[in-house]
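Comments concern the structure below.
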Amino acid sequence: MENYEQIQAEQNLRPDTGGEEEKKQLESDRPYDKGSTYELISRVAYLIGVPKRIFENEHEPPKIEIYNRMDVDKNARIIRHLCVLRTAIERNFKAINDAMRMEFKTILSLPELVPPESIRQLNEDGINFYRRTNTKLCQHIVELNRLVSDRINNCANLFPIWVNWQYIRELFIMPNGLTETGTKDAAELYYSNRGAYPYQMYINWRPESEGNILYTDKKFATLLYRWHNDVFEELSKVSDATSYVKINIYDFIDESKKTVVVVDCENSDPYKLCATLKNLDYQYTSKIARIILFDDVHTASAWGILESFTRIPVERILIERIKDNKSLVDIKLTARACQEHYQNQVDSFIIVSSDSDYWGLISSLPGARFLEMVEREKCGPDMKKALVDSGIFYCYIDDFYSANSDDIKKSALFKEIYRYLQGTVQLNVNVMFEEALRVTRLTMSPAEKRQFFDKHIKGMELVIDEEGNVSFELKR
């Protein structure tokens, strides 16, 4: 691999930016800088074969820790090394082709042009793309394309469900790539626009002057959807709160003697709060004494499992209603906050609510410190102005990187599905079998019953039609 790496390193594999173009690119990238995340682009960079040294460079976007996680996944490794070989052949097509025609060499004997490390790794993973019958170089590309096409879906589970997998998949599929014509068209497009490709690695796209498309997750997702005449709207999945916001929260906690988080569950989102907590440094959040949830019977059921997704102690207070149209959450929260301040020496409160009703609490405890966490669309301008005028820092929980709250979302969903199933489906297959025998007036020996049960009933399956209707099907 050394010869190949040395030669390729000399061919500046960074995106083609320099001088005035680089300045323009920096300007165009600024909207993507705020609270940048790099999960998506690091995964894509790994799969398309971006060199490891790029990941190891702290000044480049792809992150080495994600490279290391991906590299232990066999399916990801296979795609990566297939793409490395495909790009190497595309990049050095003429030199390789001349060596094959004039010196009777094979791609296995050109380590300076075709990375032997990728060939070795593919062999170890059970993939042998080399065919001795392939006398034309383009036939090797066809075989690589076939393998990529057959195996790329094995990597779908490496990407979150909120990003369109088909859009990502298309990046790896060479158009008409199983024909000689398709490989030539792709080679011409790549070679004439090589500097526009991400780190000069081949992907299936129409090269445009976009700078480094793997600059941040926000930039990549925005462009990816735009290429498909679509709009990516899940921006909280590809960005995080700025360091300014986090530092203010850390300073607030650090300067406190005892901090408690009080949550108005009626006026907050459990998934956004979970994302916020998971994106704050535990070095600071570990100093929070506890989170107190003031939960109404009509709020999201996910509040009941929040404690499973944070290491901060959680106390959940479920508040019944005296009248259906009147919640007592704000009264109970205010009373408990006063108790925490005067009896338990809590000097600092983080209030999670977008309701302006809590201004009375803030103004009635002049000896306490407050920080407010609100939702952007729910908190009115008057409340925000009052907080600013009083020198109380507030932040939006919408701004925190929300992709890492998928676990609590799935858990909440599974919990409700199981609850629904338990209340809807009551079936005992042993009772069902005995009832069938009784109605049909069949007599079976214990051995016959056991054999029939194991063969036909034990493997019973759920069948779901296009309208979502469920039926049971016995194994016949």
- Message: Just to verify, what does Lys74 make a salt bridge (charged side-chain N to carboxylate O under 4.0 Å, His left out) with, not counting sequence neighbours?
- Response: none

- side-chain hydrogen bond (donor to acceptor under 3.5 Å, both in side chains) between Ser36 and Thr216, intermediate numbers included: CA-CA 6 Å; Ser36 304; Thr216 65; 4.9 Å; no

For the backbone of [Y] and the side chain of [X], can you confirm whether one donor and one acceptor N or O come within less than 3.5 Å of each other?
X: Arg80; Y: Val50; result: yes
X: Thr87; Y: Val84; result: no
X: Asn92; Y: Ala88; result: yes

Below 4.0 angstrom, N of the basic side chain to O of the carboxylate: do [X] and [Y] qualify?
X: Arg376; Y: Asp399; answer: yes
X: Glu39; Y: Arg43; answer: yes
X: Glu65; Y: Lys63; answer: no
X: Glu188; Y: Lys184; answer: no
X: Glu375; Y: Lys272; answer: yes

For [X], what residues pass the ring pair (Phe, Tyr, Trp, His ring centres under 6.0 Å) criterion, not counting sequence neighbours?
X: Tyr190; result: Tyr197
X: Tyr67; result: Tyr46, Phe55
X: Tyr401; result: none

- Message: Just to verify, what does Ser445 make a side-chain contact (heavy atoms from CB on, under 4.5 Å) with, not counting sequence neighbours?
- Response: Ala447, Glu448

- Item | Summary of salt bridge (Lys or Arg N to Asp or Glu O under 4.0 Å) pairs that have at least one residue in residues 405-433, sequence neighbours excluded | Glu416-Arg419

- In short, Cys395 meets Ile249 closest at the heavy-atom pair SG-CD1, 4.0 Å

- Which pair of non-hydrogen atoms, one from Gly182 and one from Met174, has the smallest distance, and what is that distance? O-SD, 4.2 Å

- What do you reckon, are the aromatic ring centroids of Tyr167 and Tyr225 less than 6.0 Å apart? yes

